[in-house]
Amino acid sequence: MKTISIIEAKKYVDQQVRIGVWLTNKRSSGKIAFLQLRDGTAYFQGVIVKNEVGEELFHEAKELRLEESFYVTGTIHEDSRSHFGYEIEISNLERVGESEDYPITPKEHGIDFLMDHRHLWLRSKKQFAIMKIRNEMIRATYEFFNQEGFIKIDAPILTGSAPEGTTELFHTKYFDRDAYLSQSGQLYEEAGAMAFNKVFSFGPTFRAEKSKTRRHLIEFWMIEPEMAFMHQEESLEIQEKYVAFLVQGVLNNCQYELKLLDRDPKVLERYTKLPYPRISYDEAIQMLQDSGQFPELKWGVDFGSPEETYLAEHFKLPVFVMNYPKSIKPFYMKPHPTRDDVVICADLLAPEGYGEIIGGSERATDTKYLIEQIKKAGLKQADYEWYLDLRRYGSVPHSGFGLGLERAVTWITGQEHIRESIPFPRLLNRIYP
RNA sequence: UGCUCAGUAGUUCAGUGGUAGAAUAAUUGACUGUUAAUCAAGAGGUCGCAGGUUCGAACCCUGCCUGAGCAGCCA
């Protein structure tokens, strides 16, 4: 007899199999009991009938506790009365690990309680579906960049200086010197692009900002591609192709998970059609002013979440907002060739109110300009000499972007809050578990 | 960090000055197709912490702690 996983059950109809499972819920009457089972691959139910298995085993089945682990042996049946489409008629049970007073019950719980039990909450259906989709997006990321000829160059996590200087950094010690946790691998990816042409990084990012919103994490994962001999227009094409590829990957491989989340695949299908609309920052300001909803808004300020939501809702698609004012963007962005007040950059705003998921730009290539900008930003030139070397020795036009994985997962899975898009979220007041 | 709200049974909540409540989970029993099953029974409490007002405080006042929502910042 074969030991299988639940997800394979449909291949073993009318056969005897054995499955290692946990109990997620149970219902019983005098002569029949339904055990809701999960094994980490899927959820389905086992049926155990007293007349078939005898008094003793039936009693044992009724005694099983929530999240107790055991092996079931039985026959797989196709059955429309079961949500999964298949179920197992149990002929034997072998108990493995007991479970007393499992805290998470099938009833409602508050967010504080669930976050305190995040290590257990991950077992529930909704979290299972989100994590499987997150995994698919990671898998698709590697597939996409490999097929596009990128190689993965890992950026360091410990750095000796502030890469962008603006946001707050986590401070730590590097033996007897100061060090900081990475808030972006981008500058290192630029070095990678000069060595390997098309590169990307995928790693954790740390921001010691006191932000407390549904779209912020203190620790999150970012995908940062960087491409040599590439102007912004081609970069935008890669960006939208990548995002559409992520959505398509989820549509191809996660239909079961989308159903568990009640996320309509038809909505996601719209996001696989390219190109995405593009508007300039100037046009965006005009649109927002014309809407009459943002009377205070002036050219030169960054958008908040209400503005981003308005823009993305207007197009009902991811939308690129291009060429922001120089004053609100970091020092390394390429200045516009005919205007000195904007830079060559774009943010991709996700629809349905999910906000910015990508920030990207063409990078400045002129050494003198960069030195000026570094000074203006109040940074120490000495910390950036290695970065300036990239311009001194064979500088080429190059562009790159960063995609926040959890923001993209939150959008594609249709979640309210980013905290459920990462296994163990680090939030302003939360570092346990 | 600012503004707003909340903290009472394992959990989700009601209780606005006079003996601490409900639902649900867990426990025991009944029930042959349940989908948050249903029905019955018993059990379950440092009312976030400290101080104050009062004959009397879960409730009013002060301080503190913890969390959530929104904003700024950003991906």
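In what follows, chains carry the letters A, B, and so on, assigned in the order in which the sequence lines appear, proteins first and then strands, with residues in each chain numbered from 1. Below, each value reflects all heavy atoms present in this structure, side chains not excepted, and no hydrogens, waters or symmetry copies. Because the structure is predicted, anything quoted here is derived from the model rather than measured.
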**OP:** Could I get the full list of ring-ring contact (aromatic ring centres under 6.0 Å, His included) partners for A:F315, not counting sequence neighbours?
**Re:** none
**OP:** Write down the distance separating the C1' atoms in B:A43 and B:G21, rounded off to the nearest Å.
**Re:** 15 Å
Original post:
Reckon A:D79 touches a base, only the sugar-phosphate, or nothing at all at heavy-atom distances under 4.0 Å?
Top reply: base
**OP:** For B:A36, give its Watson-Crick or G-U wobble partner with both distances under 3.5 Å, or none.
**Re:** none
Subject >> Among B:C74, B:U32, B:G33, the one nearest A:S29 by side-chain distance >> reply: B:U32
Original post:
Which nucleotide in the set B:U32, B:A26, B:G33 lies at the smallest distance from any side-chain heavy atom of A:R65?
Top reply: B:A26
Original post:
Are side-chain N/O atoms of A:K126 and A:Q415 paired as donor and acceptor at under 3.5 Å?
Top reply: yes
**OP:** Using only heavy-atom distances, decide whether a donor-acceptor pair under 3.5 angstrom links the side-chain of A:E87 to the base of B:G33.
**Re:** yes
Original post:
When you look at CG of A:D178, are more than 12 heavy atoms from neighbouring residues, nucleotides or ligands closer to it than 6.0 Å?
Top reply: yes
Original post:
Between A:R363 and A:S361, is any side-chain donor less than 3.5 angstrom from a side-chain acceptor?
Top reply: yes
Subject >> Option among A:L370, A:L390, A:L187 that satisfies the side-chain contact (heavy atoms from CB on, under 4.5 Å) test with A:Y384 >> reply: A:L187
Original post:
How far, in whole Å, is B:U38 from B:A23 if one measures between their C1' atoms?
Top reply: 15 Å
Original post:
If you look at every strand shown and take non-hydrogen atoms under 4.0 Å, does A:K329 touch a base, only sugar-phosphate, or nothing?
Top reply: nothing
**OP:** Kindly say whether, by distance alone, the side chain of A:N429 makes a donor-acceptor pair under 3.5 Å with the base of B:U66?
**Re:** no
Original post:
Mind checking who B:U24 pairs with, Watson-Crick or G-U wobble, both distances under 3.5 Å?
Top reply: B:G10
Can you name the atoms? Protein N/O to nucleotides 10-14 of chain B N/O, anything below 3.5 Å, with the distance.
residue : atom : partner : partner atom : Å
B:U11   : O2'  : A:E108  : O            : 3.1
B:U11   : O2'  : A:H109  : ND1          : 2.8
B:U12   : OP1  : A:G110  : N            : 2.7

Subject >> Distance-only donor-acceptor check, side chains A:D290 and A:Q286, under 3.5 Å >> reply: yes
Subject >> P-based separation of B:C5 from B:A14 [nearest Å] >> reply: 15 Å
Subject >> base_contact_polar (B:U35 base, A:Q36 side chain, donor-acceptor, <3.5 Å) >> reply: no
Original post:
Would you say B:U66 has OP1 or OP2 under 4.0 Å from some side-chain N or O of A:R430?
Top reply: no
Subject >> Whichever of A:T213 and A:R419 has its nearest RNA chain B nucleotide further upstream toward 5' >> reply: A:R419
Original post:
How far does the P atom of B:U28 sit from the matching atom of B:U66, given to the nearest Å?
Top reply: 40 Å
Subject >> Nearest-nucleotide pick for A:I418, side chain only, options being B:U34, B:A75, B:U32 >> reply: B:A75
Original post:
A:S28 has a side chain; which of B:A26, B:C31, B:C74 sits nearest to it?
Top reply: B:C31
Original post:
Side chains of A:H398 and A:E362: do they bring a donor and an acceptor to under 3.5 Å?
Top reply: no
Subject >> Interatomic distance where NE2 belongs to A:H117 and P belongs to B:G67 [whole Å] >> reply: 15 Å
Original post:
Mind checking the C1' distance from B:A22 to B:G15? Whole angstroms is fine.
Top reply: 10 Å
Subject >> Whole-Å gap separating P (B:C74) and CE (A:M222) >> reply: 13 Å
**OP:** Check every strand shown and say whether A:D302 touches a base, only sugar-phosphate, or nothing at a heavy-atom separation below 4.0 Å.
**Re:** sugar-phosphate
Subject >> Listed nucleotide nearest any side-chain atom of A:E356, set B:G33, B:A75, B:C31 >> reply: B:A75
Original post:
Is B:G18 paired to anything, Watson-Crick or G-U wobble with both distances less than 3.5 Å, and if yes, which nucleotide?
Top reply: B:C55
Subject >> Nucleotide nearest A:P306 (side chain, heavy atoms from C-beta), chosen from B:A36, B:A75, B:A71 >> reply: B:A71
Original post:
Taking atom types as they are modelled, is there a donor-acceptor pair under 3.5 Å from the base of B:C74 to the side chain of A:R407?
Top reply: yes
Original post:
In whole angstrom, what separates A:H59's NE2 from B:U28's C1'?
Top reply: 11 Å
**OP:** Hunt down the Watson-Crick or G-U wobble partner of B:G2, both distances under 3.5 Å, from any strand shown, or write none.
**Re:** B:C70
Subject >> Counter-base of B:C47, judged by Watson-Crick or G-U geometry with both distances under 3.5 Å >> reply: none
Subject >> P spacing across the pair B:C49 / B:G7, given as an integer number of angstrom >> reply: 13 Å
Subject >> Length of the line joining A:K212:NZ and B:G69:P, which is rounded to integer Å >> reply: 7 Å
Subject >> Exercise: do A:E224 and A:Q186 side chains pair donor with acceptor under 3.5 Å >> reply: no
Subject >> Distance, rounded to the nearest Å, where A:F34 contributes CZ and B:U32 contributes P >> reply: 11 Å
Original post:
When the P atoms of B:C61 and B:A6 are considered, how many whole Å apart are they?
Top reply: 12 Å
Original post:
Crowded around A:H417 NE2? As in, over 12 foreign heavy atoms under 6.0 Å?
Top reply: yes
Subject >> Pair A:Y242 + A:F145: ring centers closer than 6.0 Å >> reply: yes
**OP:** Using atom CD of A:Q45 as one end and atom P of B:A36 as the other, report the distance to the nearest whole Å.
**Re:** 11 Å
Original post:
Nearest of B:U32, B:C74, B:G69 to any side-chain atom of A:H417?
Top reply: B:G69
Subject >> Option passing ring pair (Phe, Tyr, Trp, His ring centres under 6.0 Å) with A:Y43 (candidates A:Y256, A:Y86, A:W22, A:F128) >> reply: A:F128
Original post:
Between A:F170 (CZ) and B:C74 (C1'), how many Å, whole number?
Top reply: 14 Å
**OP:** Check every strand shown and say whether A:I358 touches a base, only sugar-phosphate, or nothing at a heavy-atom separation below 4.0 Å.
**Re:** sugar-phosphate
Original post:
Within this structure, what is the CZ-to-C1' distance between A:F58 and B:G33, rounded to whole angstrom?
Top reply: 12 Å
Subject >> Nearest-angstrom distance, C1' atom, B:G44 to B:U12 >> reply: 16 Å
**OP:** Assign A:G304 to base, sugar-phosphate, or nothing according to its heavy-atom contacts below 4.0 angstrom with the strands shown.
**Re:** sugar-phosphate
Subject >> Selection from B:U1, B:C73, B:G69 that lies nearest to any side-chain heavy atom of A:H216 >> reply: B:C73
